[in-house]
Structure formats: C-alpha cells, structure tokens
**Q** 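I'd like to ask you about the structure that follows.
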Number of protein chains: 2
Amino acid sequence: MPYKHHPGRVTINDLADALGLAKGTVSRALNEYPDIAERTRLRVKRAAQEMGYSPLSHAQAIKTGRVRSLGLVLQIDQRLGHRPFLTRFLDGISRAASAQGWTLTLATALSEGEALETIERLAHERKADGFILPRTKVDDPRVALLRNLNLPCVLYGRTSDDEGCFWFDMLGEDAMFDAVSRLAGMGHSRIGYVGSDQVFNYAHLRHDGYRRGLESAGLSYDAALVRHGAMTGEEGAACLQDILSDPEPPTAVVFCTDAPAIGAYRTCAELGLEIGRDISLIGYDGLPEGSYAHPSLTTFSVDSRMAGERLADLLIRRIRGADPKDLRETAKAKLVTGGSDGPPAKTSTELARAVRAKHNTWEEVV
Amino acid sequence: MPYKHHPGRVTINDLADALGLAKGTVSRALNEYPDIAERTRLRVKRAAQEMGYSPLSHAQAIKTGRVRSLGLVLQIDQRLGHRPFLTRFLDGISRAASAQGWTLTLATALSEGEALETIERLAHERKADGFILPRTKVDDPRVALLRNLNLPCVLYGRTSDDEGCFWFDMLGEDAMFDAVSRLAGMGHSRIGYVGSDQVFNYAHLRHDGYRRGLESAGLSYDAALVRHGAMTGEEGAACLQDILSDPEPPTAVVFCTDAPAIGAYRTCAELGLEIGRDISLIGYDGLPEGSYAHPSLTTFSVDSRMAGERLADLLIRRIRGADPKDLRETAKAKLVTGGSDGPPAKTSTELARAVRAKHNTWEEVV
DNA sequence: GGCCTTGCCGAAACCGGTTTCGGTCCGCAC
DNA sequence: GTGCGGACCGAAACCGGTTTCGGCAAGGCC
C-alpha cells in the first residue's frame with residue numbers, strides 16, 4: 001500500500017476549535033493582521049505553540065502562491081570537476097533558509113541549456129519562489145529568463161545588465177589590486193596575470209583590479225604578461241609556461257583563481273624554479289589544496305558558507321518585497337599568506353636566462 | 001511590493017472549461033481513473049499538452065499529502081572536509097527525480113542531533129515525502145525516527161535492523177575480498193588492513209570481506225596487522241606507521257577508504273619505502289586524488305552518480321507503494337589498477353629491518 | 001417491455017490554509 | 001437618545017487540485 005499521510009497532524013481547524021475562534025481569525029492572528037486584538041493574538045500564538053501547530057507551506061501556497069522555498073540549479077561542469085566549496089556553500093544557504101522556515105530545492109544540469117530548462121520547469125511547477133544563480137556570466141541568460149518569468153533571483157557575482165537585479169559578491173578586484181600592491185611592495189616590477197574564462201563576469205572585474213594595482217604601483221601594463229581563459233590546473237601550467245617564455249618574463253604572477261595557480265607549480269618544478277624566491281605566485285579562492293601544497297599558496301580565502309547565508313537571506317528579503325536596490329552586498333576575501341610569494345631572488349633577465357637554459361637542456365635530451 | 005504570483009498559469013479549471021468537462025472529470029482522466037472513457041482520456045491529455053497544463057504539486061499535496069519531493073539531509077562533517085562525490089551524488093538524485101517530475105529538498109546539519117531535528121522539521125512541514133539517508137550507521141537513529149514518523153526512507157548502505165528498510169549499497173566487502181585475493185595472488189602473505197570508524201555499517205562489512213579474503217587465500221588473520229577508525233589522511237598515515245612497527249610487518253595493506261590510503265603515502269615517503277614494490281597499498285572509493293598521486297593508487301571506484309540515481313528511483317517507488325522487499329539493490333565497485341600495488345620486492349623480515357633502520361636514523365638525529 | 005447492470009460523467013464535498021466582507025458591540029460626540 | 005466611527009471577530013468565498021457519490025443513458029437479459 002502507498003504510505004498513508006499525516007499521522008496526527010494538528011490543523012488550523014483543530015486550533016480554532018480548541019480556542020473557540022473562527023479559523024479565519026486564527027489565521028489572521030498568526031499572520032499579524034492589524035484587526036486582531038493584542039490579547040487574542042497572544043492567546044492564539046500560545047495555543048499554537050502548545051499544540052505544536054505550524055502551517056503547511058504547500059497549503060498556504062495554494063492561496064498565496066509562495067512555497068517558502070529557494071531554488072538552486074547547479075551546473076555540473078565536467079571540466080572543473082569537484083568543488084570543495086560546494087558543501088559549505090550549500091550549508092550556508094540551508095542554514096539561512098531554515099532559520100526563517102524556508103527550504104532549499106536543488107537541481108542539477110549538465111549544460112547551460114539544461115539549466116535553463118530546469119529553472120523553467122521548477123518555476124512552472126512553482127517549486128521555488130526565487131532562484132540563487134551562482135557563477136554569473138557577463139551576459140547571463142538565466143537572468144533574462146527569470147525576468148521573463150517574473151521570478152526574483154539573487155546573483156552570486158555581478159552581471160552587465162543590472163536592471164532590477166541584486167546580488168552578493170566578493171570583491172575579487174580588490175584582492176587582485178592588493179596582490180599586485182603586495183608584490184610591488186616586495187620589489188617586483190614585472191608582474192604577470194593569468195585570468196579566467198571571460199564569459200564569467202568576475203574575470204573582467206579581477207583583470208581590472210590587476211590593472212589598477214599596476215597603475216597604483218606605478219607599473220605599466222604589458223599584455224605580453226597577461227593570459228586569459230585558464231580554469232584548470234593544466235591550463236594554468238600552460239599559461240605560466242607561455243608567459244615565462246617572454247624575453248622579459250615576470251618575476252611574479254597573480255592568478256584569477258587557485259586551480260590554475262596550483263597547476264602552475266608543475267611548470268615551476270619542470271623549469272627548476274623555486275616558488276617564493278625565483279618566482280612568486282598568488283592565487284585566489286582559498287582552496288584546501290593550496291594550503292597542502294609546498295610551499296603553501298598565498299591566496300585570498302573566500303568564505304563560501306557566508307556567501308550562501310547572505311544570498312539566501314537577500315533572496316528571502318526580496319521575495320518578501322524588499323527593494324532590490326537595498327539588496328546589494330559585497331565582502332572582501334581574506335589574504336592568507338603562504339610561502340609562494342616573496343622578494344624576487346632573480347631579476348627578470350636572470351629568470352629569462354634560467355628558463356632558456358632549461359629549454360636548451362630539453363632540446364638536447366630530445 | 002512583494003512579487004505577484006502566477007503570471008498566466010493555466011489551471012485545471014481553464015482546461016475543464018476549454019473541454020466542456022467538469023474539472024473532476026479532467027482530474028480523473030489525467031490520473032488514470034478507470035471510470036473515464038478511453039477517448040475522453042486521450043482528449044483531455046492532448047488538450048493538457050497543448051495548453052501547457054501541469055498540476056501544481058503543492059495543490060495536489062493538500063489533498064493527497066504528497067509533495068513529490070525527496071528529502072536529503074547532509075551531515076557536514078568538519079573532520080572529513082569536502083567530498084568530491086557530492087556533486088555527482090546530487091546530480092544522480094536530481095536526474096532520477098526530475099525524470100519522474102519529482103524534486104530534491106536539501107538541508108544540512110552539523111551534528112547528528114541537528115540532522116535528526118532537521119529531518120523532523122522537514123517531515124512535520126511535509127517538505128518531503130521520504131528521505132535518502134547516506135552514511136548509514138550500524139544502529140542508525142535516523143531510521144528509528146523515520147519509522148516513528150511513518151515516513152519512508154532509503155538507505156545508502158545497510159544497517160543492523162533491516163525491518164521494513166530498503167537500500168542501495170555498494171558491495172564494499174566484495175572489493176575487500178578481491179583486494180586481498182589480488183595481493184595474495186601477487187605473492188603477499190602478510191596483508192594488513194586499515195578500517196574506518198566502526199559506527200558506520202560499511203566498516204564491519206568490509207572488515208568481514210577482508211577476513212574472508214584471507215581465508216580464501218589460505219592466510220591466517222592476525223589482529224596485529226589490523227587497525228580501525230581511520231577516516232582522514234593523517235589517521236591513515238598514523239595507522240600504517242603503527243602497523244609497520246610490528247616485528248613481522250605486512251608487505252601489503254588494504255584500506256577501507258581512499259583518504260587514509262592516500263595519507264599513508266606520507267608514511268611510506270618518510271620510511272623511504274617505494275610504494276608498489278617495498279609496500280603495496282590498495283584503497284577503496286576512487287577519489288580523484290588517488291589517480292593524481294604518484295604512483296597512482298590502486299582502488300575500487302564507486303559510481304556516486306549511479307548510486308544517487310538508484311536511491312532516488314527506489315525511494316520514489318517505495319512512496320508509490322512498492323513492497324520494501326523488492327527494493328534492495330547492490331552493485332560492485334570497479335577495480336582501478338594503479339601503481340601502488342605489485343609483487344613484494346622485500347620480504348616481511350627485510351621490510352622490518354628497513355623500518356627499524358629508519359627509526360634508528362631518526363633517533364640519532366634527535 | 002421492464003428491470004438490472006454497466007459505463008461514463010457531473011456535481012459537490014473536501015483538503016488546509018488565506019482573504020474579503022460585513023456585522024456586532026462599544027464609546028463618544030451632539 | 002440618536003448617530004457615527006472604530007475595534008474586533010465570524011462567516012463565507014476562494015485557491016487548485018482530488019475524491020466521493022449519485023444519476024443518466026445505453027445495453028443485456030428474461
């Protein structure tokens with residue numbers, strides 16, 4: 001037999017009967033309607049507490065249209081593999097949501113198209129009252145879709161078309177600025193940059209932060225020291241390799257994210273460069289792998305749990321009617337100093353020579 | 001203003017009006033009631049398709065008591081940190097659920113007590129029709145709770161009290177058996193074992209598999225070569241260190257999970273033992289870290305996505321009324337051979353000498 | 001031809017809430 | 001004493017579905 005439902009649940013009718021009130025009155029009392037006497041309201045609330053009554057969100061939804069649930073569609077990216085943030089991110093959302101009696105409805109998708117379909121399906125079936133959109137793109141089709149569906153969404157990150165949008169975001173651009181300043185302060189004058197895929201909005205912001213950092217330190221921007229589109233360790237390794245083949249290579253490189261930075265360790269090993277002396281590396285994210293690495297990676301740690309909490313809180317406030325303009329928050333990533341950066345032990349010229357020497361050795365071998 | 005709801009949604013009333021039928025008739029037609037003429041049923045279904053009608057699960061739930069949602073409460077374990085499986089596991093559940101029009105309601109908890117509270121809250125508010133319980137313990141309080149609440153749950157793993165329970169599980173015990181057989185076949189005669197925390201049911205099953213493997217190979221069980229309770233890399237390193245200090249140390253060690261096995265690499269490095277020759281290691285899980293390690297870890301790979309799919313499918317079938325006895329499935333983990341095991345290059349005696357020599361060196365240093 | 005099934009559908013109750021509408025009672029001013 | 005407005009609550013409609021019940025018409029049987 002199918003499972004039978006609702007063992008001994010107390011309904012609003014039970015509560016009304018026990019109090020000798022009409023159920024409409026009970027409902028209004030619980031929902032803070034102004035036309036209920038103060039002492040009646042208190043009486044109702046106390047009775048609800050004692051009898052263990054709480055309304056069924058889906059029963060309320062039939063009239064109110066709100067199910068008290070937040071939607072999150074994760075796009076599973078084969079290329080990026082596992083994400084250590086995920087657990088903490090989900091934890092943050094879940095905590096903030098349940099603190100207010102809300103829940104999290106989660107779905108996954110393998111492609112952007114599938115993600116859009118999934119959002120649409122969840123919206124159509126009204127499984128969520130709004131959506132959290134991680135990994136926002138410069139021009140994000142999810143924002144357009146939800147605007148069309150007239151459903152609120154909060155962005156983890158910013159996007160180009162702000163209209164009616166709100167967000168929580170880490171100030172990655174400030175971190176990049178600080179990273180450059182830090183390296184310049186150590187004596188580096190040629191500082192490279194390895195950026196992420198530019199479909200993502202943060203890639204542009206962080207690149208700008210890097211530029212502003214150079215300006216502020218009185219250094220000039222040299223496109224030869226800059227690469228874009230590195231998301232994985234392999235790509236990070238390749239980018240560093242490429243940058244270091246410049247006749248005047250950088251003595252320090254700032255990475256837009258940690259994964260490529262960690263991958264770049266391999267390049268350094270192959271070239272026989274001592275990280276933190278011959279070449280300085282700074283990442284961004286605070287991946288655990290970075291702290292396990294030797295030397296540990298200097299990076300900017302992002303508190304994903306906090307991000308999840310803030311996002312859930314903002315979205316709930318929006319659904320309840322807050323003005324989007326009041327719902328924009330940012331936070332700064334925290335610098336975690338490791339052993340991967342330090343004053344340059346080699347000049348750019350010496351570094352170039354070392355790299356060339358290694359290359360020649362290889363050619364001999366081959 | 002709060003978001004207004006339901007832009008232009010088509011309801012069952014719209015559908016009934018368009019068809020010139022009573023809404024009750026439409027409902028029964030869509031739900032395969034036998035008292036509806038075949039051609040009427042088809043007419044209704046086609047119209048529903050054309051008009052883009054699909055029922056709101058929360059509107060149905062008010063009468064049926066089912067919200068078409070699966071509950072999953074993740075216990076965030078600080079000690080275990082991130083889990084690379086999680087993404088795939090969630091993906092599996094989400095896929096199988098949405099294929100049938102169901103959704104996943106996710107929550108997190110920091111302790112077992114909090115997990116129980118969360119399950120109870122979700123059950124009370126009827127946010128889920130049943131629960132998926134990962135990481136089952138020998139005596140799992142969640143099972144007892146849900147039995148009490150009269151809500152179905154499917155276990156990822158088995159448990160001691162089977163009554164009315166159903167599950168999906170990997171046959172970890174077979175993997176342990178195979179690991180021992182494999183090592184014995186390579187010529188190892190002293191094979192150690194590092195097990196997990198025994199509150200988890202799988203720890204006992206796998207330990208049994210290890211024992212049976214020894215028996216089948218004609219080797220005797222020696223408690224001196226066995227440790228329990230290792231969950232992290234550090235604990236794995238410590239356990240191996242400990243086992244190798246035996247006067248007759250094992251030339252091969254089977255690990256209940258990958259994390260301790262990977263951690264044990266450090267111990268081997270410290271002792272100057274070449275993995276795959278001086279000492280053979282076999283893990284279980286198929287963590288990506290294992291394949292990145294040098295040498296790559298021989299392990300048994302678990303398909304977490306498939307596990308999620310099977311669990312979701314089983315739970316939905318149970319909620320729909322299937323007999324729990326028909327809902328018990330298992331699968332075998334797939335052996336992934338790496339470089340961490342091979343024929344013993346040293347006898348147990350030689351190994352003991354090497355370890356002792358290293359220890360003496362240390363003492364001199366200290 | 002009358003009666004009894006059977007097939008099929010409409011009508012209405014129901015689920016557990018929310019919201020609107022209107023009515024009663026009270027105090028107060030004139 | 002009457003009129004009036006505000007405070008407070010009951011009654012009923014409503015939301016979008018499901019399920020029960022009853023009735024009509026057609027068909028089979030004697």
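No hydrogens, no waters, no symmetry mates; every other heavy atom, side chains included, goes into these values. Each chain gets a letter, A, B and so on, in the order the sequences are listed, and its residues count up from 1.
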**Q** Hey, does A/L70 have a side-chain heavy atom less than 4.5 Å from the side chain of A/V154?
**A** no
**Q** N/O contacts under 3.5 Å, protein versus nucleotides 19-23 of chain C?
**A**
| unit_1 | atom_1 | unit_2 | atom_2 | d |
| --- | --- | --- | --- | --- |
| C/dT19 | OP2 | A/Y33 | OH | 2.6 |
| C/dT19 | O5' | A/Y33 | OH | 3.4 |

**Q** Would you work out how much the helix from C/dG1-D/dC30 to C/dC30-D/dG1 bends between its ends, with each end axis defined by five base pairs, to 10 degrees?
**A** 60°
**Q** It should be established whether A/R9 places a side-chain nitrogen or oxygen under 4.0 Å from OP1 or OP2 of nucleotide C/dG17.
**A** yes
**Q** If a pair satisfies ring-ring contact (aromatic ring centres under 6.0 Å, His included) and one of its residues is in residues 126-163 of chain B, list it, with sequence neighbours excluded.
**A** B/F89-B/Y156
**Q** Name each donor-acceptor pair under 3.5 Å that joins a side chain in residues 42-55 of chain B to protein atoms two or more places apart or in another chain, with its distance.
**A**
| unit_1 | atom_1 | unit_2 | atom_2 | d |
| --- | --- | --- | --- | --- |
| B/K45 | NZ | B/E32 | OE2 | 2.2 |
| B/S54 | OG | A/H124 | ND1 | 3.2 |

**Q** Enumerate the salt bridge (charged side-chain N to carboxylate O under 4.0 Å, His left out) contacts for residues 142-153 of chain A, please, sequence neighbours excluded, ordered by first and then second residue.
**A** A/D140-A/R142, A/R147-A/D161
**Q** Minimum heavy-atom separation for A/S160 to A/V138, with atom names?
**A** OG-O, 2.6 Å
**Q** Could I get the full list of side chain to side chain donor-acceptor pair (under 3.5 Å) partners for B/E112, not counting sequence neighbours?
**A** B/K137
**Q** Please identify each residue that fulfils side chain to side chain donor-acceptor pair (under 3.5 Å) with B/D91, with sequence neighbours left out.
**A** A/T108, B/R95, B/R305
**Q** Could you tell me which residues satisfy side chain to side chain donor-acceptor pair (under 3.5 Å) with B/E117, sequence neighbours excluded, listed by chain and number?
**A** none
**Q** Rounded to the nearest Å, what distance is computed from the NE2 atom of residue A/H58 to the C1' atom of nucleotide D/dG17?
**A** 12 Å
**Q** Taking DNA chain C as the partner, which of residues 10-22 of chain A come within under 4.0 angstrom of it by heavy atom?
**A** A/T11, A/I12
**Q** Partners of B/N201 by side chain to side chain donor-acceptor pair (under 3.5 Å), sequence neighbours excluded?
**A** none
**Q** How close or far is atom P of C/dG16 from atom CZ of B/R126, stated in whole angstroms?
**A** 12 Å
**Q** Which is more 5' along DNA chain D, the nucleotide nearest B/A59 or the one nearest A/I36? Just name the residue.
**A** A/I36
**Q** Before accepting this row, confirm whether a basic side-chain N of the pair B/R66/B/D129 lies closer than 4.0 Å to the acidic partner's carboxylate O.
**A** no
**Q** Could you check which residues of residues 48-55 of chain A get a heavy atom under 4.0 Å from DNA chain C? Sort them by number, please.
**A** A/Y53, A/P55
**Q** Quick one: are A/L90 and A/L106 in side-chain contact, heavy atoms under 4.5 Å?
**A** yes
**Q** Just the rounded figure in Å: distance from P of D/dC15 to CZ of A/R66.
**A** 18 Å
**Q** Give each protein N/O atom lying under 3.5 Å from an N/O atom of nucleotides 23-26 of chain D, with the pair distance.
**A**
none

**Q** For A/I93 and A/A312, which heavy atoms make the closest approach, and how far apart are they?
**A** O-CB, 3.8 Å
**Q** What is the minimum heavy-atom distance between B/I319 and B/P152, and which atoms define it?
**A** CG1-CG, 3.7 Å
**Q** Closest heavy-atom contact between A/R126 and A/G65?
**A** NE-O, 2.8 Å
**Q** Among side-chain atoms of B/T118 and B/R121, is any donor-acceptor pair under 3.5 angstrom?
**A** no
**Q** Under 3.5 Å, is there a donor-acceptor pair linking the side chains of A/T103 and B/T105?
**A** no
**Q** Whole-Å distance between D/dC15 C1' and A/I62 CD1?
**A** 5 Å
**Q** Can you measure A/L56 atom CG to C/dC15 atom C1' for me and round it to whole angstrom units?
**A** 10 Å
